[in-house]
Amino acid sequence: MTTASAPGKIILFGEHAVVYARPALAAPVFQAQAKVEVRDSSRLGVWIDAPNISLRAEYSALAPTHALRAAIDGVFHALSLPAAPCLNIHIQSQIPVASGLGSGAAVSVALIRALSAHLGQPLSDEQVNALAYQTETIYHGTPSGIDNTVITYARPVYYRRGEPIQTLRVGAPLHLLIADSGIPAPTRESVAAVRQLWQADSARWEAVFDKVGQLAQAARAALQAGLPQELGHLMNENHALLQEMTVSCSRVDALVETARNSGAWGAKVSGGGRGGNLIALVAPGSAESVSAALLAAGAVRVLQTEVA
Ligand code: PMV
């Protein structure tokens, strides 16, 4: 049996603008992981068992555009296998779907790694990242590539489409709360909504994306210098621009306000938005009280994570 795991992720700065080639910052979240086990089987075919999504099927019965099938086909193609092997693949994920934590990319990365290793040809990080990106196009339509990159490398990254990946040195650990608004929000839809805005008035939205990119640059400097209060301030500014892009919603806005009013240094939507998760940057001593305030205000789950 061969196993591989991959973490979830959060986008710290720059979601949506990153699709338009502005820089963004993201970090892995090891508190929520996807795990894939691959075993040889006596049954013909490649059988997938994914209890989280109630899926049990032979992979070729899935549509070619199904993300799991696409990831498996991608590995078989990359390895130039002479014949399809007989395998059982078990997929387990603790990462909530459609909440901005990168569940799809984490499953793809773990699956690509476990499968290629089981078949005796483990793919390099670069190959895993490229195949996971192809699979992301199924979830997202026009992904920037940030999710698969931060999850493949499992390090905080400064990411700009088309540029070499830069991992980030963090000056002082960041304590973050990840609060789930309870509203499932497919990223594909919010990305499409922003694209419609941009198509209708590209000059206006290019200027907004530029501002987001400048915030991401400033945040990189503050992160490296270990200035969490400054980062909190930058998060609040980024949230305002995400509101302008229509990717927040009243429930997320209310939770962002709750986090700030209960002592967080800053808070913002994280990921696709219109629901999903928000992140709040806190002093270690106030993590519990801000978390309790978020739960009391209706967050369905609050994870605590450290970016170090
Ligand atoms: O997967 P999510 O919901 O965290 O969204 C990814 C971030 C976006 O910028 C909204 C999309 C992308 O492809 O970068």
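Remember, it's 1-based here, ligands and their atoms both numbered in the order they're listed.
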Nearest heavy-atom approach of Y20 to H16 is CD1-O, 3.3 Å
#### Entry: Any side-chain donor near an acceptor of the partner, W205 and Q199, under 3.5 Å
no
Contacts satisfying salt bridge (charged side-chain N to carboxylate O under 4.0 Å, His left out) that involve residues 290-301 (not counting sequence neighbours) are D180-R301
Can you say whether the rings of Y59 and F76 are parallel (under 30°), tilted (30 to 60°) or perpendicular (over 60°)?
perpendicular
| query | Any ion pair linking R188 and E136 (charged N to carboxylate O, less than 4.0 Å)? | reply | no
Compute both the distance and the angle, then confirm whether R22 meets the cation-pi test with F209: under 6.0 Å from the six-membered ring centre, within 45 degrees of the axis.
no
Expected contact list for ligand 1 at under 4.0 angstrom, heavy-atom basis, is K9, I11, E15, H16, V18, V19, G100, H140, P143, S144, I146, D147, T187, V191, G271, G272
